[in-house]
Amino acid sequence: EKSKAAYQAARSTSQAAIDKLPKVELPPPAQAAYEAAKVQSKRAYDRSKSVVGEAVDGAVSRISVMVSNQAAYEKTVDGDDDWAATLAALELETADVLPFYSVFKKMDTDVPYGEVTTDEFFSYLRIHDSPFVVQLFRAFDVNDATSSEVSPKLDFQEFFLSLFNFGTLSSEGIVDLSLNMMEDIRRLRANGGGLIGQEELHRMVQIVYDFESDAQRTKHHTEVIMRKLSEKCDKDGRIDLEYFKRAESLAPMLFGPAIELQELLLRSVATTKWWKTQRGKKDDLLRAANEAAHVRFEAEAAAA
């Protein structure tokens with residue numbers, strides 16, 4: 001409104017100055033050219049006014065949504081001391097959380113509102129709900145990750161913490177998370193093994209790329225990965241799990257969909273700079289926690 005008033009005042013001043021100019025009679029050709037230019041100028045002005053009006057309306061609409069989202073968010077977390085403590089521990093402000101809440105509201109399209117389902121999650125992101133990414137989604141549900149529920153749901157706090165944790169993972173962390181979701185790898189680690197062969201890799205390719213019914217594509221993709229790693233395979237065609245994890249972190253051959261999901265989520269919620277800052281803060285918090293645990297361990301050992 002202030003901008004509009006200033007514009008009207010400036011226009012009135014300009015018109016008053018124009019009215020004071022002496023009237024000059026122009027030759028007919030010059031008068032015709034002047035009138036044509038005047039018409040074109042009016043059209044350009046009208047177009048400019050329309051564009052500015054649309055921009056202002058869009059800005060007002062966005063601000064209205066932001067104010068509405070902030071009010072809804074504050075109502076959702078009002079009086080929740082645990083949530084306040086969580087944000088304080090992560091060194092986050094309400095302004096950091098609101099973009100997540102905005103995305104959550106956009107995803108949450110089904111009644112009853114207040115929880116995001118698998119269908120809503122994948123529909124918003126426009127990605128195929130393969131068994132692998134569904135497992136990733138289920139891993140997000142920090143309160144119910146082992147539930148047998150067909151369509152797991154996330155309330156906002158679960159949604160935020162899950163996306164925050166997933167978004168601040170390094171590429172190696174994503175690979176480790178993905179490996180931990182594989183039954184063969186869990187069994188291998190439980191038995192103290194450290195080598196994976198073509199059979200385990202074949203099953204992981206089926207799960208990650210949803211090739212369950214496409215044996216030819218599974219075989220081809222598995223062989224491509226094995227060829228790239230052949231120099232590090234033993235005589236039985238097996239490769240050290242830790243080497244595989246490091247190689248996968250540097251240049252994803254198997255878990256590309258997990259890396260792509262992270263990138264998609266990051267772009268949907270906040271800027272690259274914001275995520276980089278949060279990764280740094282999280283690393284500092286983890287480092288401090290590890291140092292504190294080490295000091296405590298040494299103190300207990302000395303006391304014993």
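Proximity of R217 to V205: side-chain heavy atoms (C-beta onward) are nowhere separated by under 4.5 Å. Side-chain contact between L195 and D240 is present, with at least one heavy-atom pair separated by less than 4.5 Å. Between L98 and T94, some side-chain heavy-atom pair lies under the 4.5 Å cut-off. Residues F121 and L125 have side chains in contact (heavy-atom distance under 4.5 Å, counting atoms from C-beta outward). At a threshold of 4.5 Å between non-hydrogen side-chain atoms, the residues F160 and V103 do not count as touching. Inter-residue side-chain proximity for V116 and F156 is flagged as unmet; no heavy-atom pair is nearer than 4.5 Å. Taking 4.5 Å as the limit, some side-chain heavy atom of M204 sits within range of a side-chain heavy atom of L201. Side-chain contact check for F132 versus S178: some heavy-atom pair is nearer than 4.5 Å.
With hydrogens and angles disregarded, no donor-acceptor distance shorter than 3.5 Å links the side chain of S102 to the backbone of P99. At least one donor-acceptor pair closer than 3.5 Å links the side chain of D96 to the backbone N or O of E93. Using a distance-only test at 3.5 Å, with no hydrogens or angles considered, no donor-acceptor pair links the side chain of E300 to the main chain of F297. Judged purely by atom type and a 3.5 angstrom limit, E248 uses its side chain to pair as donor or acceptor with the backbone of F255. Side chain of S268 to backbone of L264: a donor-acceptor contact under 3.5 angstrom is found. Remark: the backbone N or O of E91 is paired with a side-chain donor or acceptor of K281 at under 3.5 angstrom. Looking at Y209, its side chain does come within 3.5 Å of a backbone N or O of L254 through a donor-acceptor pair. Under the 3.5 Å distance criterion, the side-chain polar atoms of R246 are left unmatched by any main-chain donor or acceptor of E172. Between the Q262 side chain and the F166 main chain, a donor and an acceptor come within less than 3.5 Å of each other.
Under the salt bridge (charged side-chain N to carboxylate O under 4.0 Å, His left out) criterion, D234 pairs with R238, not counting sequence neighbours.
Note on L285: it does not cluster hydrophobically with L163, by side-chain heavy-atom contacts below 4.5 Å among ILVMFWY residues. V224 and L229 are members of different hydrophobic clusters when ILVMFWY side chains are connected at heavy-atom separations under 4.5 Å. Using a 4.5 Å cut-off between side-chain heavy atoms of Ile, Leu, Val, Met, Phe, Trp and Tyr, with links allowed through other members, W274 and L90 fall into the same hydrophobic cluster.
Under 4.0 Å is where a charged nitrogen must lie from a carboxylate oxygen, and between D108 and K105 no such pair does. With respect to the salt-bridge test (charged N to carboxylate O, under 4.0 angstrom), the residues E242 and K245 qualify. Look at E223 and K219 and you find a salt bridge, because one of the NZ, NE, NH1 or NH2 atoms lies within 4.0 Å of a carboxylate O, short of that distance.
In this structure, F159 has its ring center at least 6.0 angstrom away from the ring center of F100.
Interatomic distance, OG of S170 versus CG of D176, reported as 9.0 Å (0.5 Å rounding). Note: K228 NZ to C233 SG = 13.5 Å, rounded to the nearest 0.5 Å. We find the CE-CD1 distance between M182 and I196 to be 10.5 Å, quoted to the nearest 0.5 Å.
Below 30°, between 30° and 60°, or above 60°: for F164 and W275 the angle between ring planes is between 30° and 60°, a tilted geometry.
For the residue pair H294 / E298, a side-chain donor-acceptor distance below 3.5 Å is found, with atom types taken as modelled. For Q157 and D80, the side-chain atoms include at least one donor-acceptor pair closer than 3.5 Å.
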